[in-house]
There are 2 protein chains.
Amino acid sequence: MYKSRSTVVGDLKGQIKLNYEAEALAVTLKSERERQGLSQRDLSTRSGVPQSHISKIETAGVDLRISSLAALAHALDLEIALVPRKAVPAVQSISRSVDTAPIVLPEVAKHIASISKQMSNVKGLSVDPHVLQGVQRQFNDMQQYQNLIRDPAMLSSIYDALKEVKNVDGVDALKQVAIQMARLRNDLVHLDIKPKSFPRRAYQLDGDDDA
Amino acid sequence: MYKSRSTVVGDLKGQIKLNYEAEALAVTLKSERERQGLSQRDLSTRSGVPQSHISKIETAGVDLRISSLAALAHALDLEIALVPRKAVPAVQSISRSVDTAPIVLPEVAKHIASISKQMSNVKGLSVDPHVLQGVQRQFNDMQQYQNLIRDPAMLSSIYDALKEVKNVDGVDALKQVAIQMARLRNDLVHLDIKPKSFPRRAYQLDGDDDA
DNA sequence: CCAAGTGATATGTATTAATAGATCACGTCT
DNA sequence: AGACGTGATCTATTAATACATATCACTTGG
């Protein structure tokens, strides 16, 4: 929306306010990305928005289009909503309560990064693609709930198992990885997270798919 | 966000979903505009977005920029929010409860339109700008809560008083208008709107300013 | 040291919203 | 009938996002 044309640009306050909106949304997107322990390149892969663009969005207050905002939001498990002004405090309160899940521990983020790297290596090997796909899916899930992981030891164990995946022992070692990832997830499922206000169990994990 | 470039356009589902977002927001904007009894030209005046553009937005799924969306939303007393997916049902519930105020009666809409027209006429007269400003502000408010007005008779009375505003009797007649508008608002303040779920009294009017 | 990851920056091009009006087709009112 | 309001449509131009890459400066780990 251009306000710099020959029309009267008298209301600078209004103009600043419009830019403010894009910046406020960018701040939200950035903090959510960081909260989930994602790099800009991770988010780029998920959302389809180029990393360079994400960088500019986060730093330069780009006046995004809805489709781009939606892509980024969805990659971060957020939705765009139009909320009556009077309801804004209540909505913020709800969002905050959902967001009370802890920040990703640095130790955990490191291990996840190492596993991510090793996953890439394993993809270059001749292993059963079916099993690999299952493991990849489990790993994607793990990245989603990495902020719930408190003990990096299990991640260390998964990383070790991943390093054992060679051509000769490919499928068996990979299945070991899958088992350990499933174990990690199952342990986390039994964590009882009850935010002080609703909704209850905002981050309850579904027991839907398995390797 | 273009998905029609040389890159793989494999995920049609994803693309459709992105367009869906713009359309869903347009639907929300349109229904809120109608709920408030505003024409596209009214909204254009308030938001600074051209009427022709609003028409296209409402009918053609334009991929708006945030600044344009914000301008339209603010003109309709809405805010853009990024909400965790898990919180979406709760947020919708809040928005709905705030939105339970009734639709504008056609009779009421007509009277408001007549008053709006007469307000324009009065602006061309030599009347006390200070008083006129106060009345204009009251009228703006009235447009905001016109969906709460059940009895058009008071509006008729206000319109009659407005027609009495001539050069010779300008300030006194105009003050009569102000008094009647204030009376209408005060009557409405005592309407007790309690949605079945929170927040209570979403549309409670503040007793802040007077003529 | 080198390799890899991260976010920021730059370049050049394509796309489409946004702008500024004007006008059309239709409905309503006097 | 004419006047007015409403939403849709049109034209021509501009602005800025979006895209696709590449690269830079810095940090970290082996």
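Numbers restart at 1 for each chain; the letters A, B, ... are given by sequence-line order, proteins then strands.
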- Atom CD1 of B:Ile66 and atom CD1 of A:Ile66: how far apart are they, to the nearest 0.5 Å? 8.5 Å

- Just checking, is any N or O donor in the side chain of B:Asp42 or B:Thr45 under 3.5 Å from an acceptor N or O on the other one? no

- Message: Rounding to an integer number of Å, can you tell me how far B:Glu58 CD sits from D:dT6 C1'?
- Response: 11 Å

- Relative to the 5' end of DNA chain C, which residue comes earlier, A:Thr59 or B:Leu69, by the nucleotide with the nearest heavy atom? A:Thr59

- A:Leu64 atom CG is separated from C:dA17 atom P, nearest whole Å, by 14 Å

- Query: Nearest of D:dT17, D:dA8, C:dG7 to any side-chain atom of B:Ser55?
  - Reply: D:dA8

- Nearest-angstrom distance from the residue atom CD of A:Gln118 to P of D:dG29: 17 Å

- Could you tell me whether B:Ile54 contacts a base, only the sugar-phosphate backbone, or nothing, with contacts defined as non-hydrogen atoms closer than 4.0 Å? nothing

- Query: Any donor-acceptor pair under 3.5 Å between the side chain of A:Ser52 and the base of C:dG7?
  - Reply: no

- Item | For atom CD of B:Gln40 and atom C1' of D:dG5, their distance in whole Å | 12 Å

- Atom pair distance, as rounded to whole Å: NZ in B:Lys117 and P in D:dA3: 13 Å

- Note on the structure: When rounded to whole Å, the CD1 to C1' distance for the pair A:Ile66 and C:dA18 reads 14 Å

- Message: With no hydrogens and no angle check, just 3.5 Å: does a side-chain donor-acceptor pair link B:Asp160 and B:Ser157?
- Response: no

- Item | d(NZ, A:Lys56; C1', C:dA8) in whole Å | 10 Å

- Query: So do the side chains of A:Leu82 and B:Leu76 get within less than 4.5 Å of each other, counting heavy atoms only?
  - Reply: no

- On DNA chain D, nearest-nucleotide positions of B:Arg65 versus B:Lys30: which is more 5'? B:Lys30

- Task: Side-chain contact test, heavy atoms from C-beta onward, threshold under 4.5 Å: evaluate it for B:Glu32 versus B:Leu43 and give yes or no.
- Result: no

- When rounded to whole Å, the CG to C1' distance for the pair B:Leu43 and D:dA8 reads 16 Å

- Message: Classify B:Ser39 by what it touches in the nucleic acid, base, sugar-phosphate, or nothing, heavy-atom distance under 4.0 Å.
- Response: sugar-phosphate

- Less than 3.5 Å between a donor and an acceptor, one on the side chain of B:Tyr2 and one on the base of C:dT16, is that the case here? no

- Item | Closest listed nucleotide, where the reference is the side chain of A:Arg41 and the choices are C:dT16, D:dA8, C:dA8 | C:dA8

- Message: Whether the side chain of A:Gln51 and the base of C:dA8 hold a donor-acceptor pair under 3.5 Å is what I'd like checked.
- Response: yes

